[in-house]
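Scroll down for the structure; my scribbles are underneath it.
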Protein chains: 2
Amino acid sequence: MKATVFVTLKPSILDPQGKTITEALHTLGYGSVRDVRQGKYFELDVDAADAEQARALAATVADKLLANPVIESYRVDVEG
Amino acid sequence: MKATVFVTLKPSILDPQGKTITEALHTLGYGSVRDVRQGKYFELDVDAADAEQARALAATVADKLLANPVIESYRVDVEG
């Protein structure tokens, strides 16, 4: 089963990488991009009996390894 | 308007970062995670008249700066 984990910085945390991308885009002439925030994206291929179990496993794994819960939040999507 | 760009390595490209995460998870006892592939995720706040324009801008920006089209592919989502 395929689970997707999206990890983003919490809104209150400064995102210097996103700021750099925004400035690069403005330099390239894309002034209509007001702001960019960068996150991480993980595609997990998990061995689970049903979608609920896959979601629980992905959330545990996100908590333990993929995200830093102090500064990041995550969202889990399960398909199939 | 908010546009989201997901950048992933093309399936034929080796993902050493994903492999390392998979091995770390196996070491931590999560053997039921068979495979992990890591990608990037960008939230763009764009100034556009409609969703179509926002999508076109996000795709251009992904092509020019966010993704390396030789080894990566991307997907654009637009909301509201």
Side-chain angles (χ1 to χ4, degrees), chain A residues 1-11 13 15 17-50 53-67 72-78 80, chain B residues 1-11 13 15 17-50 53-67 72-79:
Chain A
M1 207 167 288
K2 227 173 117 180
T4 314
V5 179
F6 304 89
V7 177
T8 44
L9 286 169
K10 288 183 178 169
I13 306 290
D15 178 9
Q17 207 168 357
K19 277 279 161 291
T20 305
I21 294 170
T22 311
E23 279 160 29
L25 287 173
H26 289 179
T27 307
L28 287 169
Y30 299 103
S32 45
V33 179
R34 271 191 239 122
D35 191 39
V36 178
R37 282 185 80 82
Q38 180 167 6
K40 285 176 287 182
Y41 167 79
F42 301 91
E43 284 173 2
L44 275 65
D45 181 11
V46 299
D47 210 357
D50 54 40
Q53 202 186 328
R55 181 181 304 275
L57 177 62
T60 309
V61 155
D63 253 336
K64 294 261 182 199
L65 191 76
L66 304 180
E72 293 170 330
S73 55
Y74 64 84
R75 184 163 59 82
V76 176
D77 261 12
V78 175
Chain B
M1 206 165 287
K2 227 173 118 181
T4 314
V5 179
F6 304 89
V7 178
T8 45
L9 285 169
K10 288 182 179 171
I13 306 290
D15 178 8
Q17 207 167 355
K19 276 278 160 293
T20 305
I21 295 170
T22 311
E23 279 161 29
L25 287 173
H26 289 178
T27 307
L28 287 170
Y30 299 103
S32 46
V33 179
R34 271 191 238 120
D35 191 38
V36 178
R37 283 184 79 83
Q38 179 166 7
K40 286 175 287 182
Y41 167 78
F42 301 91
E43 284 174 1
L44 276 64
D45 181 11
V46 300
D47 210 358
D50 53 40
Q53 203 186 328
R55 182 181 302 276
L57 177 61
T60 310
V61 155
D63 253 336
K64 295 262 182 198
L65 192 77
L66 304 180
E72 293 171 330
S73 56
Y74 64 85
R75 185 162 59 82
V76 175
D77 261 12
V78 175
E79 50 176 283

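Chain naming here is simple, since letters A, B, ... match the order of the sequence lines and numbering starts at 1 in each.
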For a side-chain contact (heavy atoms from CB on, under 4.5 Å) with B:Leu65, tell me which candidate from A:Leu28, A:Val36, A:Val33 qualifies. A:Leu28
Select one option (side chain, backbone, both, neither) describing which atoms of B:Leu44 are under 4.5 Å from chain A's heavy atoms. both
Is B:Thr22 close to chain A through its backbone or its side chain, or both, or neither, when contacts mean heavy atoms under 4.5 Å? neither
Around atom CD of A:Gln17, are there more than 12 heavy atoms of other residues, nucleotides or ligands at under 6.0 Å? no
If you round to the nearest 0.5 Å, how far is OG1 of A:Thr4 from OH of B:Tyr41? 11.5 Å
So which residue, A:Val61, A:Val5, A:Leu66, ends up with the most heavy-atom pairs under 4.5 Å with chain B? A:Val61
What's the spacing between A:Asp35 CG and B:Lys2 NZ if we round to 0.5 Å? 10.5 Å
Contacting region of B:Ile21 [heavy-atom separation from chain A under 4.5 Å]: both
Does NZ belonging to B:Lys10 count more than 12 external heavy atoms closer than 6.0 Å? yes
Report which part of A:Tyr30 has an atom under 4.5 Å of a heavy atom belonging to chain B: side chain, backbone, both, or neither. side chain
Heavy-atom closest pair, residues A:Val46 and B:Arg34: O-NH2, 4.0 Å
